[in-house]
2 protein chains.
Amino acid sequence: MDVGSRLKEARKKRGFSQRKLAQEADVSNGTISLIEQNKISPSVALLKRLLEGLSMSLGEFFNEDKYPKEKQFFHADELTEHTFGSIRFLQVGGDLHDRRLQILREHYPPHSDTGELMLVHNGEEGGIVLRGEIEVTVGDEIQLLRAGDAYYFESNKPHRFRNPGDDDCEIFSVCTPPNF
Amino acid sequence: MDVGSRLKEARKKRGFSQRKLAQEADVSNGTISLIEQNKISPSVALLKRLLEGLSMSLGEFFNEDKYPKEKQFFHADELTEHTFGSIRFLQVGGDLHDRRLQILREHYPPHSDTGELMLVHNGEEGGIVLRGEIEVTVGDEIQLLRAGDAYYFESNKPHRFRNPGDDDCEIFSVCTPPNF
DNA sequence: TAGCATAGTTTATTATATTGAACAATGGAA
DNA sequence: TTCCATTGTTCAATATAATAAACTATGCTA
């Protein structure tokens, strides 16, 4: 995890010295030095104070991924395909284990249906209908969306996608974090 | 922040008892009890071990936002419009302050160009080309993407979008966290 | 060069987290 | 009911983090 390096980087980005941050967060400067060298592991409470001094949330702090990522561009035939019954998902990128977005082009044949999907991650998801019609159920809300319409909700609500029409439906969707 | 309640909730969701989690994470069960009551603030190192026992990352743990969100469905004419010169962005949802995704339908007229965009958040962004052609520059890589092609990179790299052709270009894009 | 300000580091002391074991409290099964 | 298993809680002992002050190093100005 390397909390030390991350803290140091965040501090440097703000242009703070250890002492400046120590003052802001009401912490001793020695403590900051030890943390940055990973000689001690700060309590969550202390780290929170430090990050407040840097105007950063714990969530942001721990989500800052810095490993350089591989492929950046994907040709249409390089998208990773997933199928669930007759429904096809074309995913941007392969292994999304250490990534935050799952970007999909979804293809729903006429009368296809995901059924109720269980709550997976505690994330968010949204999308825009490219063509055709799709009936989206989220919690106790049901909506029929057409080309150009969009949705955006929290993934922990039970949800369902159903193509009620006689034409194909295509959706551009995204969720964070990735589901599969 | 209430680390205690969050930990308890995450543990319950997995169906673990305090002792079961203690065993998984090689921590004493008493410690878990005290943490869940917010009587002590665990070190980051310990919390990490606990979350590993629950198959959860620190980032996920601190990002679990539970405030219920408002609107879930958006008709095509309800998308929020942003314009930068001749480039139009249609955004899903209005105020994204407390949200994690910014979902856009982007419209690039012939020969439009964003210029070099500065690094904004330390996030990620990606998208798929719906129609037309777009030249995408990320760091020192340049690619011409056509309908169906996609991109996915880290937002802290300088990047630029340019429509070199004589036809309109439309893109579905997403970034986390939101930029504007 | 000397003098001073600021940077990060180290260390003995103090405060806090963590342990391990004992302590309820609850819920079956016999 | 009694017995046993399992739950979460508490507390003295121990390990670790956090402090405050001393220390080193660097750079700037006179």
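Below, chain A is the first sequence line, B the second, and so on; all start at residue 1. These values consider heavy atoms only, across backbone and side chains, with no hydrogens, waters or symmetry-generated copies.
- In this structure, A:Leu21 places its CG atom 11 Å from P of D:dT19, rounding to the nearest Å.
- For C:dT11, the OP1/OP2 oxygens have no side-chain nitrogen or oxygen of A:Lys39 closer than 4.0 Å.
- Regarding contacts with the backbone of D:dT9, a side-chain N or O of B:Gln18 is found under 4.0 angstrom from either OP1 or OP2.
- One atom, CZ of B:Phe16, and another, P of D:dT6, lie 16 Å apart when rounded to the nearest Å.
- Ring centroid separation for the pair B:Phe84 and B:Phe161 does not come in under the 6.0 Å cut-off.
- Between B:Ser17 and D:dT7, a side-chain N or O to OP1/OP2 separation shorter than 4.0 Å is present.
- Atom CD1 of A:Ile35 is separated from atom P of C:dT16 by 15 Å (rounded to the nearest Å).
- Atom P of nucleotide D:dG8 and atom NZ of B:Lys8 are separated by 8 Å, given to the nearest angstrom.
- When side chains are defined from C-beta on, A:Pro110 counts as touching A:Asp168, because their heavy atoms get closer than 4.5 Å.
- Atom-to-atom, CG of B:Leu34 to P of C:dA22 comes out at 18 Å; the value is rounded to the nearest Å.
- The side chain of B:Ile40 lies closest to C:dA17, out of C:dG8, D:dC11, C:dA17.
- Mapping B:Asn29 and B:Ala45 onto DNA chain D by nearest heavy atom places B:Asn29 closer to the 5' end of the strand.
- Residue A:Arg49 has no polar side-chain atom (N or O) positioned under 4.0 Å from OP1 or OP2 of D:dA18.
- Using a 3.5 Å distance cut-off with no hydrogens or angles, the side chains of B:Ser33 and B:Gln37 do pair a donor with an acceptor.
- Inter-residue side-chain proximity for B:Glu133 and B:Asp167 is flagged as unmet; no heavy-atom pair is nearer than 4.5 Å.
- Of the listed nucleotides (D:dG8, C:dT19, C:dT9), D:dG8 has the atom at the smallest distance from the side chain of B:Arg11.
- At a threshold of 4.0 angstrom between heavy atoms, the contacts of A:Ile32 with the nucleic acid are absent.
- Of all nucleotides listed (C:dT19, D:dA20, C:dT9), C:dT9 comes nearest to the side chain of A:Arg19.
- B:Gln23 has its CD atom 15 Å from the C1' atom of C:dG20, to the nearest Å.
- Taking only side-chain nitrogens and oxygens, B:Thr31 comes nearer than 4.0 Å to OP1 or OP2 of C:dT19.
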Start with the C-alpha distance between B:Ile40 and B:Thr31, add both sets of side-chain angles, then the distance that settles side-chain contact (heavy atoms from CB on, under 4.5 Å), and finish with yes or no.
CA-CA 8 Å; B:Ile40 60 178; B:Thr31 301; 4.2 Å; yes
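- Look at B:Ser43 and you'll find a side-chain N or O under 4.0 angstrom from OP1 or OP2 of C:dT18.
- Proximity of A:Ser28 to the phosphate of D:dT19: a side-chain N or O atom is located under 4.0 Å from OP1 or OP2.
- OP1 or OP2 of D:dT16 has not a single side-chain nitrogen or oxygen of A:Ser41 nearer than 4.0 Å.
- The salt bridge (Lys or Arg N to Asp or Glu O under 4.0 Å) test with A:Glu170 is passed by exactly one of A:Arg146, A:Arg105, A:Arg88: A:Arg105.
- Atom CG of B:Leu7 is separated from atom P of D:dG8 by 12 Å (rounded to the nearest Å).
- Under 4.0 angstrom from either OP1 or OP2 of D:dG8 there lies no side-chain N or O belonging to B:Gln37.
- Atom pair A:Glu36:CD and D:dA17:P shows a separation of 16 Å (rounding to whole Å applied).
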